[in-house]
Peer 1: 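Supplied in structure tokens, the structure appears directly below.
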Amino acid sequence: MMRKAGNASMGVRRKVNNLIVHTILAILSFVWIFPVIWVILTSFSDQIGSYVSSFLPKSYTLDNYKKLFTDTTILNFPKMFSNTLIIAVFTCIISTFFVLSVSYVMSRLRFKVRKPLLNVALTLTLFPGFMSMVAVYYILKAVGLAEGDMIRVALIMVYSGGSGLGFYIAKGFFDTIPKALDEAAFLDGANKWQVFTKVTIPLSKPIIVYTILTSFLSPWLDFIFARVICRANADTFTVSIGLWRMLEKEYINSWYTSFAAGAVCISIPIAILFIYMQRYYVEGLTGSVKG
Amino acid sequence: MVSIKKNAKAKKSKIDFYTPYTLRNALTKGDFLTRIGMLIMGAGNIFRKQIGKGIFYLFFEVAYIIFMIQNGIQNLSMLPSLGDKLQEKVWSEDLGIFVYTEGDNSLILLLYGFATLAVTVGFLIIWASSLKSAYKSQCLKKEGKHLNTFLEDIKSLFDENLHKLLLTGPMAGVLAFTVIPLIFMISMAFTNYSKEGGKLVLFDWVGLQNFIKVLNFNDSIGQTFWSVLGWTIIWAIFATGLNYIMGMILAIVINRKDTRMKAFWRFCFVLSIAIPQFVSLLIMRTMLQPNGAVNVLLQNMGWIDSPLPFLTSANWARVTVIVVNLWVGIPFTMLQVTGILQNIPAELYESAKVDGANAVVTFFKITLPYMLFVTTPYLITTFTGNINNFNVIYLLSGGNPTPVGSTAGKTDLLVTWLYKLTVDQQYYSIGSVIGIMTFVVLAVFSLIAYRSTGSYKNEEEFQ
């Protein structure tokens, strides 16, 4: 009798517990999703300006998107988009090559200065990344890359130049590829270059995809470097500076809703790439050869 | 038999990288041809019929000498004084107008001086390598062994010297865009390059003066430094600790056996990571303005009468940035720890249940200690990452609210203050000192972190 009652009350308690947990999760999810929904709603709102009198827009329109892509007199969004795309493609090619080279060398080859180099790399990553930025700007200026169209070249060099330092994740992946595979290839008469290109690279798809995607995304996500180097050259603005500019005091009243539209346009492809990349990141962390 | 022995020997020398072809040996035991390479690089190689390699070295020497005569010596000679000629207006008799004479620009002189030093260091490395190479061919020739031709040298770049081939590009990039700029910036800490006192064109070396100023409690810059440092550490502790604990609790709650729609809940939280951080932070900033969406919503519901000062009052702003950082960081922690949580042995939980422990007790006695044990390195890297967390502060509060007359706001971290000092306010020398201080703080934490991780100590464990 007692026991049955105990069971029943346990069951009730469990139900209450579940109810509480699911309610809390629902509230939290709402908090996390709220800004996302809000920016999507704002991008369709026909009230211009950042002042809102109600949470839901009173009526909906596509004008903000139209303005974003057609009003190119002050803030040229299509141009910013193409700038960022060009920079991202080149950065992606160069830094993927750099990162894979360094990771392979550090993981597989043994030479005298390897440990010192690893320690130097570690030390360099401890300095605030943009501390060198001001100096980089003056160096670029001294060699004539800080003006006009050359700023795009400068940005490509800046994004890919230091990328060799970000080798830790790919190195960790290469570390998991069994050395026996390399040795088998050496017995067949392969040299180290052939082992790198014909054995290691084909086995490393997850980490290569991950490296390509991260280096492609970095120019879209970066804000500081682009701002220091572009300064006031509106022609070479990247998307992130452009969106930031739209919220400056002089633009916010006429560009606020278009900012929301721009944010939606940029976030959707990046979110898709990110979710796709997540899979490769997890695979990359678990290593190359399973079991 | 012989070849096996040779292999074993090669393997051994590979392990400790011993080589008799050092610079010291080349200088003490080298013959005349080798030593002449001290003056004419590549001579030792050219006379031993490694012409391609010899010319390669000689080319560098000629290029370096031409560079030094044309610019280099001038650049180096300006480094100690950093220039003293001001731009002046002079009456030109020929033209009948005032013309400006070209003045010195200390910044450019400093930059060119360091560039010349870097070129010289590079040249010395090549010089040493040419001597080593000459000595090596001397020894090999004496032993009657085969000398590599230029073509074979190039081939070796794809085999035993593959690291040289693959590292050249990335290292050049890192040198040009990280190392040289860093040295350049660090050197500014020892000058008076600053808007203060009008030292933006001509400036001088001032030794440790800036460091004394920044560390001094009585100086206004010093006071700002200590208060910003204090807030940076408080911020890093809260941002890291709260994210870690709350992210873990969230992961546990979603992982619970009785929780339904696990994938849906995870998706809701991961969505916020997928959006570019600068977009979500700028959105947050506009939402938290006095007339932003949050205040409007609360006012419409009648919960508050006047707008809440989320980013306008110092204490509110500090809490706001920590809370918004939770919004940014909790999903990250959740993703990171979900896998590890599933690895905790189930027996531990079962025996705790038998002993009658409730959820809170199990969390503090089993889950947290286990997670701390496994994720300490992750925790310390997050901590250093938060000290350097530029995006959240700069895009969200911009370091504001800023007291009148101060260079740093109440929510500024060392990094955002560094940014303001250099990019916005042009106090370069002080900014550079702040950068070095940030490095010192980070280095202390990271040294502890990396030295204690297993992956640093046993990196070859799985090979």
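Below, each value reflects all heavy atoms present in this structure, side chains not excepted, and no hydrogens, waters or symmetry copies.
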Peer 1: I'd like to know if the side chain of A:Trp32 reaches the main chain of B:Ser272, judged simply by a donor and an acceptor atom lying under 3.5 Å from each other, with no hydrogens or angles considered.
Peer 2: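 Such a contact is absent between A:Trp32 side chain and B:Ser272 backbone.
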
Peer 1: Could you grab the distance from atom OG1 of B:Thr422 to atom OH of A:Tyr137, nearest 0.5 Å is fine?
Peer 2: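 It is 13.0 Å, given to the nearest 0.5 Å.
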
Peer 1: Measure B:Met284 against the heavy atoms of chain A and call it side chain, backbone, both or neither at under 4.5 Å.
Peer 2: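 Looking at B:Met284, just its side chain touches chain A.
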
Peer 1: Check each atom of B:Leu282 against the heavy atoms of chain A and say whether the ones under 4.5 Å are side chain, backbone, both or neither.
Peer 2: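 For B:Leu282, the contact with chain A is made by backbone and side chain together.
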
Peer 1: Heavy-atom distance under 4.5 Å to chain A: side chain of B:Asp258, backbone, both or neither?
Peer 2: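 For B:Asp258, heavy atoms of backbone and side chain both lie under 4.5 Å from chain A.
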
Peer 1: Below 4.5 Å from any heavy atom of chain A, which atoms of B:Arg285 appear? Answer side chain, backbone, both or neither.
Peer 2: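 The side chain, not the backbone.
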
Peer 1: Which bit of B:Ile434 comes within less than 4.5 Å of chain A, counting heavy atoms only: side chain, backbone, both or neither?
Peer 2: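 Answer is neither: B:Ile434 stays 4.5 Å or more from chain A.
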
Peer 1: Counting only heavy atoms closer than 4.5 Å, note whether B:Ile436 contacts chain A via side chain, backbone, both or neither.
Peer 2: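 Backbone plus side chain of B:Ile436, per the 4.5 Å heavy-atom cut-off to chain A.
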
Peer 1: May I ask you to test the B:Ile275-A:Ile270 pair for a side-chain heavy-atom distance under 4.5 Å?
Peer 2: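 No, every pair of side-chain atoms sits at 4.5 Å or beyond.
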
Peer 1: Using non-hydrogen atoms only, which part of B:Ile387 is less than 4.5 Å away from chain A: side chain, backbone, both, or neither?
Peer 2: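 For B:Ile387, neither part sits under 4.5 Å from chain A.
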
Peer 1: What is the distance from atom CZ of B:Phe278 to atom CD1 of A:Ile266, rounded to the nearest 0.5 Å?
Peer 2: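 Nearest 0.5 Å value for the CZ-CD1 distance: 7.0 Å.
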
Peer 1: With side-chain contact (heavy atoms from CB on, under 4.5 Å) as the test, pick out the partner of B:Pro170 among A:Val102, A:Leu100, A:Ile94.
Peer 2: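 For B:Pro170, the side-chain contact (heavy atoms from CB on, under 4.5 Å) test succeeds with only one of A:Val102, A:Leu100, A:Ile94, which is A:Val102.
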
Peer 1: Which region of B:Met171, side chain (C-beta onward) or backbone (N, CA, C, O), has a non-hydrogen atom less than 4.5 Å from a non-hydrogen atom of chain A, or is it both or neither?
Peer 2: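 It is the side chain, since no backbone atom gets that close.
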
Peer 1: Where does B:Leu182 contact chain A at under 4.5 Å (heavy atoms): side chain, backbone, both or neither?
Peer 2: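 Both parts, backbone and side chain.
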
Peer 1: Against chain A, label B:Asp424 side chain, backbone, both or neither, depending on which of its atoms sit under 4.5 Å from a heavy atom there.
Peer 2: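 Interface part for B:Asp424: side chain.
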
Peer 1: Identify which part of B:Leu335 has an atom lying under 4.5 Å from any heavy atom of chain A, answering side chain, backbone, both or neither.
Peer 2: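 Looking at B:Leu335, just its side chain touches chain A.
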
Peer 1: Please classify the contact of B:Thr384 with chain A as side chain, backbone, both or neither, using a heavy-atom distance under 4.5 Å.
Peer 2: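 Nothing of B:Thr384, per the 4.5 Å heavy-atom cut-off to chain A.
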
Peer 1: Is it the side chain or the backbone of B:Tyr419 that comes within 4.5 Å of chain A heavy atoms, both, or neither?
Peer 2: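 Both backbone and side chain.
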
Peer 1: Drop me the distance from B:His163's NE2 to A:Lys192's NZ, to the nearest 0.5 angstrom.
Peer 2: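 If we round to the nearest 0.5 Å, B:His163:NE2 and A:Lys192:NZ are 8.0 Å apart.
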
Peer 1: Using non-hydrogen atoms and a 4.5 Å limit, figure out which bit of B:Leu326 sits close to chain A: side chain, backbone, both or neither.
Peer 2: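 For B:Leu326, backbone heavy atoms alone lie under 4.5 Å from chain A.
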
